[in-house]
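Structure first, commentary second.
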2 protein chains.
Amino acid sequence: MYSYQRLFDFSHKIFLSMGCPAEDALSATETLLSADLRGVDSHGVARLVGYVRLWEAGRINATPTVRIVHETPSTATVDGDGGLGLVVAPKAMQIAIEKAKNAGSGWVSVKNSNHYGIAGYHAMKALAHDMIGMSMTNASPLVAPTHSLERLLGTNPIAVAIPAGEQPPFVADMATTTAANGKLEMLQRKNLEAPLGWIQAADGSASTNPNELKDGGALLPLGGDTGSHKGYALGAVVDIFSAVLSGANYGPWVPPFVSFLAPPADPVGAGIGHFFGAMRVDAFRPAAEFKQHMDHWITRFKTSKAKEGQQVLIPGEPERLFTEQRLKDGIPLLPPVVKDLEVLGEKFGVQL
Amino acid sequence: MYSYQRLFDFSHKIFLSMGCPAEDALSATETLLSADLRGVDSHGVARLVGYVRLWEAGRINATPTVRIVHETPSTATVDGDGGLGLVVAPKAMQIAIEKAKNAGSGWVSVKNSNHYGIAGYHAMKALAHDMIGMSMTNASPLVAPTHSLERLLGTNPIAVAIPAGEQPPFVADMATTTAANGKLEMLQRKNLEAPLGWIQAADGSASTNPNELKDGGALLPLGGDTGSHKGYALGAVVDIFSAVLSGANYGPWVPPFVSFLAPPADPVGAGIGHFFGAMRVDAFRPAAEFKQHMDHWITRFKTSKAKEGQQVLIPGEPERLFTEQRLKDGIPLLPPVVKDLEVLGEKFGVQL
């Protein structure tokens with residue numbers, strides 16, 4: 001187990017070593033580690049070395065000037081200047097929140113960015129302002145649209161965070177695929193088969209082999225066998241809001257996260273794209289009234305009659321329990337992740 | 001086959017007979033029949049008699065005063081005054097579009113309404129203004145959240161319409177369940193089994209019986225066996241945006257569409273709720289640039305390598321082909337639907 005503070009100090013020093021300004025290094029660290037706290041191990045400190053490699057390859061700008069390039073009272077397009085998504089995204093979400101203060105809602109599309117950690121973290125930034133937060137991003141193409149043999153979409157997550165009163169907030173954060181890529185990676189490590197409906201082989205046939213993506217296979221959109229056209233449509237909306245609105249790369253042109261794969265030679269935009277939203281709840285009805293009804297909604301669903309031995313969960317509940325536990329007991333890291341971090345620490349003269 | 005014009009004239013006269021003002025009767029007719037044109041037979045003229053019965057039961061106000069009760073530059077809450085959703089929704093969508101003209105985007109939550117036809121029709125209203133349109137609504141509870149034995153959510157659809165240039169627009173319109181209720185009704189009529197993952201029995205076990213809902217069963221959220229928590233979260237977001245933001249009934253309190261079932265005795269709000277959005281594409285980048293990239297996006301996906309005998313479709317493509325065909329060849333109606341309409345016509349002295 002590694003304490004949150006220990007991983008925070010380590011990651012912070014690494015980002016400083018990359019040349020990130022002090023405030024950006026803090027923001028990147030908090031954003032990255034929110035994944036470990038929420039139990040999304042694939043997107044947290046395990047990816048630190050990946051971000052560093054992209055920077056070493058000259059594909060991340062450690063000192064970006066993030067700026068608005070187009071705007072209206074309730075919208076903005078932001079150029080991330082090739083910065084870490086971990087740095088660009090919090091700045092863009094803050095712009096959405098400021099717009100919402102004045103116009104009731106704020107919507108920000110971002111180009112020229114990189115991977116931004118977990119979607120839910122950014123959406124949750126709205127909660128402290130009594131706002132509903134939304135966050136989505138496109139990502140490297142791993143997913144075949146319904147009937148396609150090609151990987152044209154990323155796992156393109158959508159997050160929605162909604163404040164409540166006495167109850168903890170409602171926080172949905174989901175890939176628009178049946179299973180996130182991180183879950184496949186876990187099956188690969190453990191040498192287990194995947195359920196039907198998660199992946200297809202290169203010829204489009206159903207597969208349970210978690211290594212299928214290495215042989216030309218693809219992840220399947222949410223809905224699996226009987227409804228994948230819905231997951232495809234959702235993933236497509238994320239791609240269009242994040243990249244066609246902003247001027248980022250979309251579909252199969254989204255650059256890969258891993259530094260050993262070159263970005264496409266014929267980009268259709270700049271970097272990867274995100275989309276953020278913030279709506280003041282009191283732009284619709286008094287906040288106290290809204291929160292009282294959210295508490296009522298949450299309580300009714302949470303206490304509904306469940307299958308034997310099960311209970312109905314509110315979106316965000318499992319992640320909140322992870323956070324409580326990991327802040328207390330520490331964060332478990334797999335041996336290969338620890339090894340990666342140690343090598344990284346040696347390179348920069350930072351102790352894990 | 002019944003021509004669009006014939007069904008239009010008939011429905012229009014029925015709405016006028018209900019006492020709808022002339023303009024509302026036209027709007028309701030166009031909204032209702034958009035479902036028949038787009039191939040969503042369950043939501044079109046087949047439901048006309050259902051709307052009339054609700055009006056006869058005093059649960060629909062034929063002469064509503066639809067008004068804004070709360071607003072900011074980019075948002076509004078609308079009270080539908082108990083009107084037909086077919087009348088209230090177009091007015092609310094128009095408010096979203098007007099807000100977007102001034103503020104870049106417009107977002108409208110609606111209370112005190114009724115069923116509004118197909119979600120996609122309302123979202124598509126934005127297209128002529130070079131805007132992205134969004135539309136969602138809650139509905140009578142038929143869906144059990146993951147692990148629940150209770151029906152707490154409707155099929156709560158989400159529609160997103162995105163303009164393109166040379167290409168037809170992208171129009172996603174989907175229930176947040178694996179299968180819409182209309183598809184179950186088709187299986188019931190044909191006495192066929194449902195695929196696994198669509199429904200559960202009263203005890204929560206998997207079922208293929210399309211009549212299961214009559215015995216306490218429930219529809220399942222999008223994602224089926226391996227990912228229904230995502231469909232549940234999406235359906236919940238639709239419910240909260242449509243009803244907790246506006247002050248409509250939510251979750252299990254949403255009143256039923258059928259007049260023979262009484263609304264819950266302990267309402268938590270007024271009527272059913274909708275949520276609409278409009279975003280000017282030139283609130284993010286010049287419209288011509290956006291459309292050029294949308295054309296590129298659509299072409300790339302449409303021409304991607306597909307499984308043998310299949311092709312990759314763009315959301316909205318099948319519905320557009322239905323519209324072209326049905327405007328030309330007419331709209332097929334099932335014998336029981338024709339019978340219903342004839343009885344309705346006799347009652348109001350209107351010839352089908």
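A note on names: the letters A, B, ... follow the listed sequences, proteins ahead of strands, and every chain is numbered from 1.
- Counting heavy-atom pairs under 4.5 Å between each of B:R300, B:E308, B:Q310 and chain A puts B:R300 at the top.
- Distance check, rounded to the nearest 0.5 Å: CZ of B:R280 to OG1 of A:T72 gives 6.0 Å.
- Closest approach of A:K305 and B:E150 over heavy atoms only: N-OE2, 2.7 Å.
- Put simply, the side chain of A:K307 never gets that close to the backbone of B:T146: no donor and acceptor are under 3.5 Å apart.
- Expressed to the nearest 0.5 Å, how far CH2 of A:W297 lies from CG of B:L152 amounts to 8.5 Å.
- The candidate from A:S148, A:A179, A:P286, A:A233 with the greatest count of non-hydrogen atom pairs under 4.5 Å with chain B is A:S148.
- With a 4.5 angstrom heavy-atom cutoff, B:N102 touches chain A only via backbone atoms.
- Contact annotation for B:Y250: only side-chain heavy atoms (C-beta onward) come within less than 4.5 Å of a heavy atom of chain A.
- Note: B:H296 leads B:E71, B:H296, B:E289 in heavy-atom pairs under 4.5 Å with chain A.
- Chain A forms more heavy-atom pairs under 4.5 Å with one residue of B:V69, B:L149, B:L234 than with any other, namely B:L149.
- Between A:F284 and B:H70, the ring center distance fails the sub-6.0 Å criterion.
- Shown here for A:Y232 and B:L313, the closest heavy-atom pair between the two residues is OH-O, 2.7 Å.
- Most heavy-atom pairs under 4.5 Å with chain A: of the set B:P221, B:A103, B:S304, B:G104, this distinction falls to B:A103.
- Inspection of the A:S105 and B:T75 side chains reveals no N or O donor paired with an N or O acceptor under 3.5 Å.
- Taken from CG in B:L245 to CE in A:M279, the straight-line distance is 5.5 Å, to the nearest 0.5 Å.
- Chain A forms more heavy-atom pairs under 4.5 Å with one residue of B:G269, B:P195, B:A283, B:A236 than with any other, namely B:A283.
- Here A:H229 contributes atom NE2 and B:M174 contributes atom CE; the two are 8.0 Å apart, rounded to the nearest 0.5 Å.
- In terms of non-hydrogen atom pairs under 4.5 Å with chain B, the most contact-rich of A:G231, A:G251, A:G247, A:G316 is A:G247.
- For B:I132, the part sitting under 4.5 Å from any heavy atom of chain A is the side chain, from C-beta outward, and nothing else.
- In this structure, B:I240 CD1 and A:I298 CD1 are separated by 7.0 Å, a value rounded to the nearest 0.5 Å.
- Contacts of B:A76 with chain A are made by backbone atoms alone, with heavy-atom separations under 4.5 Å and no side-chain atom involved.
- Contact annotation for B:Q200: only side-chain heavy atoms (C-beta onward) come within less than 4.5 Å of a heavy atom of chain A.
- Using a 4.5 Å cut-off between heavy atoms, B:P252 contacts chain A through its side chain alone, with no backbone atom that close.
- Across all their heavy atoms, A:H293 and B:V268 have their closest contact at CE1-O, 3.2 Å.
- Interface summary for chain B: among A:V237, A:D203, A:V108, the most heavy-atom pairs under 4.5 angstrom belong to A:V237.
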Stepwise side chain to side chain contact (heavy atoms under 4.5 Å, CB included) test for A:K111 and B:R285 | CA-CA 11 Å; A:K111 68 176 169 179; B:R285 73 190 296 189; over 6 Å; no

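- In terms of heavy-atom pairs under 4.5 Å with chain A, the best-connected choice from B:A172, B:P145, B:A144, B:A175 is B:A175.
- A distance of 10.5 Å separates OG of B:S74 from NZ of A:K99, quoted to the nearest 0.5 Å.
- For A:D239, the part lying under 4.5 angstrom from a heavy atom of chain B is the side chain only.
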May I have the step-by-step check of side chain to side chain contact (heavy atoms under 4.5 Å, CB included) for A:L222 and B:L222, ending in yes or no?
-> CA-CA 8 Å; A:L222 179 62; B:L222 179 63; 3.9 Å; yes

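- Residue B:V160 touches chain A through its side chain alone, counting heavy-atom pairs closer than 4.5 Å.
- The closest side-chain heavy-atom distance from B:P73 to A:P73 is not below 4.5 Å.
- Neither the backbone nor the side chain of A:A100 comes within contact range of chain B, judged by heavy atoms closer than 4.5 Å.
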